[in-house]
There are 2 protein chains.
Amino acid sequence: MVAARSGDDAELGLDVECLAAAPRWTRARRSHSEAQRKRRERINAHLDTLRGLVPSASRVRMDKAALLGEVVRYVRKLRSEAAGSEAVVPGEGDEVVVEEEEVEVEGCSCDAGERQAARRVKASVCCADRPGLMSELGDAERSVSARAVRAEIATVGGRTRSVLELDVARTAAAGGGSNGASQLPALQAALRAVIMSQEELLAVESYKQRRFSADFA
Amino acid sequence: MVAARSGDDAELGLDVECLAAAPRWTRARRSHSEAQRKRRERINAHLDTLRGLVPSASRVRMDKAALLGEVVRYVRKLRSEAAGSEAVVPGEGDEVVVEEEEVEVEGCSCDAGERQAARRVKASVCCADRPGLMSELGDAERSVSARAVRAEIATVGGRTRSVLELDVARTAAAGGGSNGASQLPALQAALRAVIMSQEELLAVESYKQRRFSADFA
DNA sequence: GAGTACACGTGATCC
DNA sequence: TGGATCACGTGTACT
């Protein structure tokens with residue numbers, strides 16, 4: 001065998017000694033080996049690139065398997081950090097999207113005691129930018145007893161999009177008077193009212209009248 | 001060589017013919033092979049994990065090398081997206097950090113005409129959460145004629161941190177009355193005032209008094 | 001020597 | 001057919 005280039009003394013010598021004229025190096029076999037080597041170095045090139053890209057792998061010299069392990073750790077970390085911060089760039093049309101956040105139940109970090117008191121909701125609002133917009137969004141979120149846990153706002157070219165991560169209370173004594181189940185539509189309506197024009201807003205002014213009237217425990 | 005179990009006709013026969021009693025299946029060789037198999041399946045397991053983690057690789061069946069290529073593309077994309085949005089989780093102590101954003105001049109997407117009209121600044125404010133905080137931050141940013149381009153707010157456990165990306169005007173006719181060079185300290189002072197306690201704020205109320213009074217070139 | 005890690009050549013398999 | 005990819009066993013080097 002010719003496994004290592006520097007170790008072809010023993011076996012190669014035996015082959016020559018036994019069969020003499022055995023062309024053990026046919027063109028087919030050679031091109032096959034070369035293709036393999038080329039494949040290997042392509043893979044290892046990408047592996048080296050990753051070694052320089054993942055911070056934990058750049059520090060110390062790592063096993064090839066351990067490197068890949070760190071890569072999956074790093075990708076998981078980055079993608080969980082970037083979760084919810086996608087599609088934050090404002091689009092052309094006004095829109096309000098309210099949806100229940102998917103519960104990521106990896107591991108066992110669930111605190112069952114508080115899990116039923118509130119539910120996580122993601123609200124995305126895209127509209128033209130204007131002064132006081134954030135305050136009005138805060139009013140809308142308060143109108144359904146929601147509490148902002150995280151928010152990301154991006155404005156470009158006069159248009160802005162706010163992606164809000166909210167904890168909306170499930171208790172029946174909610175500020176808006178609705179029970180826990182119907183607060184999502186209420187939140188959606190309140191957010192829609194924020195991006196309505198002045199004339200549209202007059203028709204739905206019941207929202208504005210209610211802004212500071214509720215007084216709950 | 002005994003590369004494949006079913007391909008041991010030529011060389012193995014030769015070895016037996018030449019050396020006779022060669023026990024080609026020693027315990028050492030066997031454990032070695034098993035260790036290699038275990039190593040291979042560790043690597044391939046991580047590779048499969050990555051195949052499910054990278055969206056472009058989940059779609060179609062990919063080459064092992066091509067998969068790694070997509071992994072580096074994905075990691076590069078995620079890490080560039082997460083740039084600037086690090087350290088958003090609020091800490092224990094109040095703090096205000098204002099620093100000029102590093103200009104990322106990759107490629108040639110610089111619009112030299114507008115580049116001197118404003119400069120990009122990153123401001124990070126960490127303090128206890130309270131109603132109206134965002135409005136006050138907006139006031140502070142307006143006091144130095146800054147315009148929020150992007151903002152990320154995270155609040156956890158009653159404490160909140162806002163990372164603001166601001167375009168602060170360089171023109172001499174700035175709202176605060178300062179010239180272009182000294183607006184960063186002014187912004188820092190204004191943001192500091194926001195997180196000050198009531199009593200601290202009384203001592204520095206000159207800030208509030210000056211808010212809309214100064215008007216000189 | 002036992003254990004581990006990498007590169008190599010090879011057989012098998014699928015376009 | 002020939003090209004491309006994979007898993008396998010092996011040689012070699014380092015701890």
Side-chain angles (χ1 to χ4, degrees), chain A residues 1-19 22-52 54 56-73, chain B residues 1-52 54 56-73:
Chain A
M1 63 188 58
V2 213
R5 266 79 66 102
S6 54
D8 50 348
D9 41 6
E11 291 84 349
L12 228 176
L14 276 177
D15 283 344
V16 169
E17 186 180 342
C18 292
L19 286 192
R24 282 266 48 160
W25 220 225
T26 58
R27 293 195 312 104
R29 297 252 187 275
R30 171 159 190 82
S31 66
H32 190 28
S33 298
E34 282 188 1
Q36 287 303 339
R37 171 155 49 259
K38 200 59 189 148
R39 168 175 173 268
R40 269 187 282 261
E41 72 188 36
R42 255 171 27 200
I43 294 180
N44 287 338
H46 284 148
L47 249 44
D48 274 356
T49 306
L50 284 173
R51 197 171 260 113
V54 179
S56 42
S58 312
R59 300 286 170 198
V60 293
R61 187 65 184 181
M62 294 192 70
D63 215 334
K64 195 187 294 189
L67 165 65
L68 287 173
E70 281 308 309
V71 170
V72 319
R73 288 185 60 86
Chain B
M1 63 185 62
V2 214
R5 266 81 66 100
S6 54
D8 49 350
D9 40 7
E11 290 86 346
L12 226 178
L14 278 177
D15 282 343
V16 168
E17 186 177 344
C18 293
L19 290 188
R24 285 264 49 160
W25 219 222
T26 58
R27 294 195 310 104
R29 296 250 189 275
R30 172 162 187 82
S31 66
H32 190 28
S33 299
E34 283 188 359
Q36 289 304 325
R37 171 157 54 258
K38 197 60 189 139
R39 168 175 174 268
R40 269 187 283 263
E41 72 188 37
R42 258 175 18 207
I43 293 180
N44 287 337
H46 284 149
L47 249 42
D48 276 355
T49 306
L50 283 173
R51 195 171 262 112
V54 179
S56 42
S58 311
R59 300 287 171 196
V60 294
R61 187 63 184 182
M62 292 193 71
D63 217 334
K64 196 187 292 189
L67 164 65
L68 287 174
E70 282 308 307
V71 170
V72 316
R73 289 184 60 85

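So that the names make sense, note that chain A is the first sequence line, chain B the second, and so on, each numbered from 1. Just the heavy atoms: all of them, side chains too, but no hydrogens, waters or symmetry mates, feed the values below. This is a predicted model, so every value here is computed, not measured.
In this structure, B:Arg40 places its CZ atom 12 Å from P of C:dC6, rounding to the nearest Å. In this entry the distance linking NZ of B:Lys38 with P of C:dC6 reads 16 Å, nearest Å. Residue A:Leu47 contributes atom CG, which lies 14 Å from atom P of C:dA5 at whole-angstrom precision. Taking atom CH2 of residue B:Trp25 and atom C1' of nucleotide D:dT10, one finds them 9 Å apart after rounding to whole Å. The CE atom of B:Met62 sits 17 Å away from the P atom of D:dA4 (whole-angstrom rounding). Here the P atom of nucleotide D:dT10 and the CZ atom of B:Arg37 are 11 Å apart, to the nearest Å. C:dA7 atom C1' lies 12 Å from atom CD1 of B:Ile43, rounded to whole Å. Between the CZ atom of A:Arg51 and the C1' atom of C:dA5 there is a distance of 12 Å, rounded to whole Å.
The side chain of A:Arg39 lies closest to D:dT5, out of D:dT5, D:dC8, C:dA7. Checked against D:dG11, D:dG9, C:dA7, the side chain of A:Lys64 finds its nearest nucleotide in C:dA7. The side chain of A:Ser33 lies closest to C:dG9, out of C:dA7, D:dT10, C:dG9.
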Could you list the protein-to-nucleotides 1-4 of chain C atom pairs, N/O on both sides, closer than 3.5 Å?
none

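The nearest pair of heavy atoms linking A:Gly52 to A:Ser58 is O-OG, 3.6 Å. The minimum heavy-atom distance between B:His46 and A:Val72, with the atom names listed, is O-CG1, 4.1 Å. Across all non-hydrogen atoms, the minimal contact from A:Arg51 to A:Met62 is NH2-O, 3.3 Å.
Rounded to the nearest 0.5 angstrom, B:Leu50 CG and B:Glu70 CD are separated by 12.0 Å. Distance check, rounded to the nearest 0.5 Å: CG of B:Asp48 to CD1 of B:Ile43 gives 12.5 Å. Between the CZ atom of B:Arg42 and the CG atom of B:Leu47 there is a distance of 13.5 Å, given to the nearest 0.5 Å. For the atom pair B:Ser33 OG and B:Lys38 NZ, the distance stands at 15.0 Å (nearest 0.5 Å).
Between B:Leu68 and A:Leu68, the closest side-chain pair of non-hydrogen atoms falls below 4.5 Å.
Judged by distance alone, with hydrogens and angles left aside, B:Arg30 brings no side-chain donor or acceptor close enough to the base of D:dG9 to form a pair under 3.5 Å.
For the side chain to side chain contact (heavy atoms under 4.5 Å, CB included) criterion with A:Arg30, the lone passing option out of A:Glu34, A:Arg27, A:His32 is A:Glu34.
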Pairing annotation in dot-bracket form, given for DNA chain D with Watson-Crick or G-U pairs under 3.5 Å and | for cross-strand partners: .||||||||||||||
